[in-house]
Novice: 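One structure follows; several queries about it will come next.
A quick note: this is a predicted structure, and the numbers were derived from the prediction, not measured. Values below: all heavy atoms of this structure, side chains included; hydrogens, waters and symmetry mates excluded. Heads up: numbering here begins at 1 and tracks the sequence.
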Amino acid sequence: MNKLIPKHILEIHPYVPGKPVEELQRERGIENVIKLASNENPLGPSPKAVEAMRRVLKDSHLYPEDHAYYLQKTLEEKLGFPFDQIIVGAGTTELIKIIAHSFLNFNEKAIMSEKSFLMYKLATQEVCGSKGLIKIPTMKDYSYDLSSFLENVKPGVKLIWIANPNNPTGAMIKKSEMRKFLDQLPDKVIIVIDEAYFEYAIDRDYPDGTEFVKEGRNVIVLRTFSKIYGLAGLRIGYGISRSEIIKNLYRVKAPFNTCRIAQEAALAALEDDEHARRSKENNKKGKEMIYKFLDKLGVEYVRSFTNFVMINLPFSAQILYEKLLDRGVIVRPLDAFDAPDSIRVTVGTEEETKIFLKAFEDVFSELISK
């Protein structure tokens, strides 16, 4: 069978998502489980979004509007971009794949950070194979090494993948740094700025990537409804870019790629500013709880501009991960992200955060004493 499959496809190691609650319950017979592995909103979706989903369930036998017309019109008004500069996808993961297939040839390359979202690597490998990816190590503080990015922009480099803030580190590229970087990029390179955690990045130095799109640069900004809007299970997100770039993404986009229920839920979620405010407030309080706890314990972590915290351990993260599973707590070990001694923990509700901190302290104390 392997002889029928292209070599560059065989080289791909499929994405392994965070363990689902139901899977842990089946495997270990644990009834009370909290999942803090996939950066979902612990408050869930907006009640307005839930009501919108219920309202359109009866129309599930009908195909949705292919361009998500009403959602795109709302985004047009909210963002200040015309309709032809927006594309809606089945989460930003689909849009990442669409971008790779739209712009990369087999003999071209893309650049990403060593510790960043795995879908950039997988989407690039689908088109170019493993030799088509240039991975740049992060700085000691886990920030992007943009100077090394620029040094590697050589003939054949077509795409640059940047998550801002970054996943899984939570680090942020500042406005001045991003502008300086973009000013030095050649016109032949397309830069993808993935802003999945845009709504959580509350900082005066955080750059809104859409400003660079307005300047006519070869920038594609990605945003999602999976994080602060709590719609991860519906798979819906969007991209913003120059109309010429969006036009070419539509050449690759599958028809009816977002379902009717997801479109309506996203529309309603955009109307609920209060739910977004409460989500931000819960996240801010939760991060401060985690920081205070880790400072007291003397454990290294990265201050985050997202809804998760990267924690660095003095031993293999996999050991701690397994022991936390025994206590019904799911976090994300980061070996697949080139950080085998680190975990990523999502900020949960106040109760969930307390449960995690107690479990972490018990397991950490046990392991550190050995």
Novice: Can you list every salt bridge (charged side-chain N to carboxylate O under 4.0 Å, His left out) pair that touches residues 128-152, not counting sequence neighbours?
Specialist: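 The answer is Lys135-Asp338.
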Novice: Taking all heavy atoms of Thr210 and all of Val221, pick out the closest pair and write down the distance.
Specialist: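 So the two residues come closest at N-CG2, 3.8 Å.
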Novice: Can you pull out every side-chain hydrogen bond (donor to acceptor under 3.5 Å, both in side chains) where at least one residue sits in residues 266-281? Sequence neighbours excluded, please.
Specialist: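 Sorted pair list: Asn41-Ser279, Ser46-Asp272, Glu274-Arg277, His275-Arg278.
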Novice: Side chains of Asn164 and Glu195: any donor to acceptor distance under 3.5 Å?
Specialist: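 There is no such pair (donor and acceptor under 3.5 Å, judged by atom type) between the side chains of Glu195 and Asn164.
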Novice: Roughly how far, to the nearest 0.5 Å, is the CG atom of Leu159 from the CD1 atom of Ile162?
Specialist: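 One finds 11.5 Å between CD1 of Ile162 and CG of Leu159.
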Novice: State which residues pass salt bridge (Lys or Arg N to Asp or Glu O under 4.0 Å) with Glu27; sequence neighbours excluded, sorted by chain then number.
Specialist: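 Counting only residues at least two positions away or on another chain, Glu27 forms a salt bridge (Lys or Arg N to Asp or Glu O under 4.0 Å) with Lys19.
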Novice: Please examine the side chains of Thr258 and Pro64, heavy atoms only from C-beta on, and report whether any two atoms are closer than 4.5 Å.
Specialist: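 Side chain of Pro64 against side chain of Thr258, heavy atoms only: no contact under 4.5 Å found.
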Novice: Between Asp203 and Asp205 (side chain of the first, backbone of the second, donor and acceptor by atom type, cut-off under 3.5 Å), is there such a pair?
Specialist: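 Here the side-chain-to-backbone pair exists.
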Novice: Using a 4.5 Å cut-off on heavy atoms from C-beta on, say whether the side chain of Leu36 contacts that of Ile330.
Specialist: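 They are not in side-chain contact.
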Novice: Any side-chain to backbone donor/acceptor pair from Thr346 onto Gly348? Under 3.5 Å, distance only.
Specialist: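 Answer holds: no.
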Novice: For salt bridge (charged side-chain N to carboxylate O under 4.0 Å, His left out), just list the numbers for Glu51 and Lys48, CA-CA rounded to whole Å, side-chain angles, deciding distance to a tenth of an Å, and then say yes or no.
Specialist: CA-CA 5 Å; Glu51 179 55 35; Lys48 293 182 179 180; over 6 Å; no
Novice: Out of the candidates Val153, Asn152, Thr124, Ile160, only one should pair with Ile134 under the side-chain contact (heavy atoms from CB on, under 4.5 Å) rule; please name it.
Specialist: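 Checked Val153, Asn152, Thr124, Ile160 against Ile134; only one passes side-chain contact (heavy atoms from CB on, under 4.5 Å): Asn152.
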Novice: Regarding Asn312 and Ser342, is there a side-chain donor-to-acceptor distance under 3.5 Å anywhere?
Specialist: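 Yes, because at least one side-chain N or O of Asn312 sits under 3.5 Å from a partner of the opposite role on Ser342.
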Novice: Should the pair Arg28-Glu322 be classified as a salt bridge under the 4.0 Å nitrogen-to-oxygen rule?
Specialist: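 Here Arg28 pairs with Glu322 in a salt bridge, since their nearest N and O are under 4.0 Å apart.
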Novice: Using the six-membered ring of Phe212, assess whether NZ or CZ of Arg217 lies under 6.0 Å from its centre and within 45 degrees of the ring axis.
Specialist: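 The answer is no, since Arg217 fails at least one limit relative to Phe212.
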Novice: Does any pair with a residue in residues 310-338 pass ring-ring contact (aromatic ring centres under 6.0 Å, His included), and if so which ones, sequence neighbours excluded?
Specialist: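 Residue pairs passing ring-ring contact (aromatic ring centres under 6.0 Å, His included), neighbours aside: Phe315-Phe364.
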Novice: Taking atom NZ of Lys247 as the centre, report whether more than 12 heavy atoms of other residues, nucleotides or ligands fall under 6.0 Å from it.
Specialist: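 Counting other residues, nucleotides and ligands, NZ of Lys247 stays at 12 neighbours or fewer.
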Novice: For Pro168 and Met310, work out which heavy atoms get closest and say how close.
Specialist: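 Closest approach of Pro168 to Met310, heavy atoms only: O-CB, 3.4 Å.
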Novice: Side-chain atoms of residues 227-245: list all donor-acceptor pairs with protein atoms under 3.5 Å, sequence neighbours left out, distances to 0.1 Å.
Specialist:
residue: Lys227; atom: NZ; partner: Ser38; partner atom: O; Å: 3.3
residue: Arg235; atom: NH1; partner: Ser226; partner atom: OG; Å: 3.1
residue: Arg235; atom: NH1; partner: Ala232; partner atom: O; Å: 3.2
residue: Arg235; atom: NH2; partner: Thr93; partner atom: OG1; Å: 3.2
residue: Ser241; atom: OG; partner: Val219; partner atom: O; Å: 2.7
residue: Arg242; atom: NH1; partner: Asn218; partner atom: OD1; Å: 2.2

Novice: Other residues, nucleotides and ligands only: do more than 12 of their heavy atoms fall within 6.0 Å of OH on Tyr291?
Specialist: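 Count over threshold, so yes.
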Novice: Name all residues meeting the ring pair (Phe, Tyr, Trp, His ring centres under 6.0 Å) criterion together with Phe106; count only those two or more places apart in sequence or in a different chain, and write none if there are none.
Specialist: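 Checked Phe106 against ring pair (Phe, Tyr, Trp, His ring centres under 6.0 Å); matches are His8.
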Novice: According to the salt bridge (charged side-chain N to carboxylate O under 4.0 Å, His left out) rule, which pairs have a member within residues 152-161, sequence neighbours left out?
Specialist: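 Sorted result for residues 152-161: Glu108-Lys158.
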Novice: Which distance, rounded to the nearest 0.5 Å, do you find between the OG1 of Thr224 and the CD of Glu199?
Specialist: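 Result: 8.5 Å between the selected atoms.
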Novice: At what distance, to the nearest 0.5 angstrom, does CD1 of Ile319 lie from CG of Leu313?
Specialist: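 Between Ile319 CD1 and Leu313 CG, I get 10.0 Å after rounding to 0.5 Å.
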Novice: Under the 3.5 angstrom rule, does the side chain of Arg344 hit a backbone N or O of Thr169 as a donor-acceptor pair?
Specialist: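 No; zero donor-acceptor contacts below 3.5 Å.
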Novice: With salt bridge (charged side-chain N to carboxylate O under 4.0 Å, His left out) as the rule and sequence neighbours excluded, what pairs involving residues 63-72 come up?
Specialist: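 Counting only pairs at least two positions apart or across chains, the salt bridge (charged side-chain N to carboxylate O under 4.0 Å, His left out) contacts touching residues 63-72 are Asp66-Lys253.
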Novice: Take atom CZ in Arg54; do more than 12 heavy atoms of anything else shown fall under 6.0 Å from it?
Specialist: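 It does not: Arg54 CZ has 12 such atoms or fewer within range.
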Novice: Any chance you could lay out the salt bridge (charged side-chain N to carboxylate O under 4.0 Å, His left out) test for Lys97 and Glu94, step after step, and finish with the verdict?
Specialist: CA-CA 5 Å; Lys97 290 166 73 76; Glu94 186 203 26; over 6 Å; no
Novice: Ignoring hydrogens and geometry, is there a side-chain-to-backbone donor-acceptor pair from Ser143 to Met139 under 3.5 Å?
Specialist: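 Answer holds: no.
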Novice: Between the side chain of Ser60 and the main-chain N/O of Leu57, is any donor-acceptor distance below 3.5 Å?
Specialist: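 Judged by distance alone, yes, a pair lies under 3.5 Å.
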Novice: What orientation do His67 and Phe83 show, parallel under 30°, tilted 30 to 60°, or perpendicular over 60°?
Specialist: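 Ring orientation, 0 to 90° scale: parallel.
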Novice: For Ile86 and Tyr250, which heavy atoms make the closest approach, and how far apart are they?
Specialist: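 Closest pair (atom of Ile86, atom of Tyr250, distance): O-OH, 3.6 Å.
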Novice: Is any side-chain heavy atom of Ile311 closer than 4.5 Å to a side-chain heavy atom of Val345?
Specialist: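 Touching, per the 4.5 Å side-chain cut-off.
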Novice: What is the distance from atom CD of Glu361 to atom CG of Leu294, rounded to the nearest 0.5 Å?
Specialist: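 Reported value, rounded in 0.5 Å steps: 10.5 Å.
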Novice: Does Tyr206 sit in a hydrophobic cluster with other residues, and if so which ones, taking ILVMFWY side chains as linked at heavy-atom separations under 4.5 Å, directly or through other members?
Specialist: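 Hydrophobic cluster check, Tyr206: joined to Met172, Phe198, Phe305.
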Novice: Looking only at the side chains, is there a donor atom on one of Arg332 and Asn39 sitting less than 3.5 Å from an acceptor on the other?
Specialist: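 Asn39 and Arg332 do not have a side-chain donor-acceptor pair below 3.5 Å.
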Novice: Step by step, work out the side-chain hydrogen bond (donor to acceptor under 3.5 Å, both in side chains) result for Glu350 and Asn282.
Specialist: CA-CA 8 Å; Glu350 183 175 352; Asn282 176 78; over 6 Å; no
Novice: If a pair satisfies ring-ring contact (aromatic ring centres under 6.0 Å, His included) and one of its residues is in residues 129-175, list it, with sequence neighbours excluded.
Specialist: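 Passing the test, one end in residues 129-175: Tyr120-Trp161, Tyr144-Phe149.
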Novice: Nearest 0.5 Å please: distance from the CD atom of Glu77 over to the CG atom of Leu75.
Specialist: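 Going from the CD atom of Glu77 to the CG atom of Leu75 covers 9.5 Å.
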Novice: Does a salt bridge link Glu288 with Arg303, judged by any charged N lying under 4.0 Å from a carboxylate O?
Specialist: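 Between Arg303 and Glu288 there is a salt bridge, with a charged N closer than 4.0 Å to a carboxylate O.
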Novice: With sequence neighbours excluded, give me every ring-ring contact (aromatic ring centres under 6.0 Å, His included) pair touching residues 37-66.
Specialist: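 Applying ring-ring contact (aromatic ring centres under 6.0 Å, His included) to every pair that reaches into residues 37-66, excluding sequence neighbours, yields Tyr63-Phe256.
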Novice: What closest approach, in Å, do Ile98 and Leu249 show between heavy atoms, and which atom pair accounts for it?
Specialist: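 In terms of heavy atoms, the two residues are closest at CG2-O, 3.5 Å.
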Novice: Is it true that the side chains of Asp295 and Tyr301 contain a donor and an acceptor less than 3.5 Å apart?
Specialist: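 Note: Asp295 and Tyr301 side chains meet the donor-acceptor criterion.
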Novice: Can you tell me how far CZ of Phe308 sits from CD1 of Ile343, rounded to the nearest 0.5 angstrom?
Specialist: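 If we round to the nearest 0.5 Å, Ile343:CD1 and Phe308:CZ are 12.5 Å apart.
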Novice: Please report the closest heavy-atom contact between Lys109 and Leu104, naming both atoms and the distance.
Specialist: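 Looking at all heavy atoms of both residues, the closest pair is O-CD2, 3.8 Å.
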Novice: Show the nearest heavy-atom pair for residues Leu367 and Lys323, with the distance to one decimal.
Specialist: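 Scanning both residues, the minimum pair turns out to be CD2-CE, 3.7 Å.
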Novice: Under 3.5 Å, side chain of Glu352 to main-chain N/O of Thr349, donor-acceptor pair present?
Specialist: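 Confirmed, Glu352 side chain pairs with Thr349 backbone.
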Novice: Tell me, do Leu222 and Ile96 make a side-chain contact under 4.5 Å, heavy atoms counted?
Specialist: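 In short, these two side chains touch, coming nearer than 4.5 Å.
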Novice: Does anything in residues 164-180 pair up under salt bridge (charged side-chain N to carboxylate O under 4.0 Å, His left out), and if so which pairs, sequence neighbours excluded?
Specialist: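 Every pair satisfying salt bridge (charged side-chain N to carboxylate O under 4.0 Å, His left out) with a residue in residues 164-180: Arg179-Glu215.
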Novice: With no hydrogens and no angle check, is any side-chain donor or acceptor of Lys287 less than 3.5 Å from a backbone partner on Ser304?
Specialist: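 Checking the backbone N and O of Ser304 against the side chain of Lys287, a donor-acceptor pair under 3.5 Å is found.
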